[in-house]
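Accompanying notes for the structure given below.
Throughout, numbering of the chain's residues begins at 1 and tracks the sequence. Computed over heavy atoms, backbone and side chain alike; hydrogens, waters and symmetry mates excluded. Whatever order the structure lists ligands and atoms in, that order sets their numbers, starting from 1.
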Amino acid sequence: MTHDLSVRAVDARELMDDPDADIGMLERTYERFRLVNALVSHPGRLYRRDVRPRARRGPIRILDIGAGGGDVSRMIAARLRRDGLSAEITALDADERAIRWASDRDGGAGVTYRCAFAADLVAEGQEYDVVFSNHVLHHLTAPELHGLLRDSAALVREGGAVVHRDIARGRVAYALYGAVTWLLGGTLFRGSFIREDGLISIRRSYTTEELADAVPTGWSVRFGLPSRLELRWDARTARP
Ligand SMILES: C[S@@+](CC[C@H](N)C(=O)[O-])C[C@H]1O[C@@H](n2cnc3c(N)ncnc32)[C@H](O)[C@@H]1O
């Protein structure tokens, strides 16, 4: 089936967002996010640019919004430990199924898993040095996106960074993801939503221009390879 990638498929729903989704498929999807993130998300860049320089000045607080299986948070915890640095990391998700799965697999990483919205943390007066999300923006409606940006900017301390990372919509990304997940659909990605939801995610995602138009002032959008968007708020240069 061919899809029109010239506009965002805002009405397409990811299978993992269905409250009645098959729990085995959903858990296999959380498990496989680690591989997908290792291949496309480059979490090491977030660590090197935003986390490590701040952690070198002293212990920091990090918030991962929409953490899903929590693998990015656990990867950051492992790198900090390797570099002799420390941080308090909170992996937040609005879906209790994700939090249950991730907290059962912390494996000594020391991440705190919480089922909540960023707005709940704002109400508690929490503050962080690094606030980030990965593959969350495209899930959100326009009011939810604005709420997430408002809350994440409110949660960052002076000198901190907010970085929301996501897929960029495009024909090449769609074709490549389709080909790779078709090849691995019978093995590594079997019994998960990785292929279907990934393709829907790309259709729901923004282009660089669309995201730049959708966000308030103070946010900057950058395109990166392979087909990535980075939306950044820097508390050093702007306030909400
Ligand atoms: C595609 S998954 C990405 C998971 C993880 N960040 C990763 O990169 O593997 C998106 C996650 O965002 C969560 N989510 C969606 N909207 C959210 C919101 N407003 N606040 C917190 N979590 C949210 C969903 O429950 C889901 O677990």
Nearest non-hydrogen partners of Val51 and Ile60, listed with the distance | O-CD1, 3.9 Å
Which is it for Val36 and ligand 1 at heavy atoms under 4.0 Å: side chain, backbone, both or neither?
-> neither
Region of Ser133 engaging ligand 1 - heavy atom pairs below 4.0 Å = neither
Just which atoms of ligand 1 are under 4.0 Å from any heavy atom in [X]?
{"X": "Val136", "value": "12 (O)"}
{"X": "Ala67", "value": "4 (C), 5 (C), 6 (N)"}
{"X": "Asp95", "value": "25 (O)"}

Output yes when [X] and [Y] qualify as a salt bridge under the 4.0 Å nitrogen-oxygen rule, no when they do not.
{"X": "Asp50", "Y": "Arg232", "answer": "yes"}
{"X": "Arg157", "Y": "Asp129", "answer": "yes"}
{"X": "Arg97", "Y": "Glu27", "answer": "no"}
{"X": "Glu196", "Y": "Arg203", "answer": "no"}

Heteroatom proximity flag, [X] to ligand 1, N/O under 3.5 Å:
{"X": "Ala94", "value": "yes"}
{"X": "Asp93", "value": "yes"}
{"X": "His139", "value": "no"}
{"X": "Gly66", "value": "yes"}
{"X": "Asn37", "value": "yes"}

Flag this pair as yes if the NZ/CZ of Arg195 is under 6.0 angstrom from the six-membered ring centre of Phe189 and inside a 45 degree cone about the axis; otherwise no.
-> no
Which heavy atom of the protein is the closest neighbour of [atom], given with residue, atom name and distance?
{"atom": "atom 16 (N) of ligand 1", "result": "Leu140 CD2, 3.5 Å"}
{"atom": "atom 20 (N) of ligand 1", "result": "Phe117 CD2, 3.8 Å"}
{"atom": "atom 3 (C) of ligand 1", "result": "Asn134 O, 3.5 Å"}

Would you call Leu92 a ligand 1 contact, heavy-atom distance under 4.0 Å?
-> no
Verify salt bridge (charged side-chain N to carboxylate O under 4.0 Å, His left out) between Glu96 and Arg114, making sure each step is shown before the conclusion.
-> CA-CA 8 Å; Glu96 64 181 26; Arg114 268 193 75 176; over 6 Å; no
Report the C-alpha distance between Trp233 and His164 in whole Å, list the side-chain angles of each, state the deciding distance to 0.1 Å, and finish with yes or no for ring-ring contact (aromatic ring centres under 6.0 Å, His included).
-> CA-CA 9 Å; Trp233 170 271; His164 295 293; over 10 Å; no
Would you call the rings of Tyr30 and Trp101 parallel, tilted or perpendicular, where under 30° means parallel and over 60° means perpendicular?
-> tilted
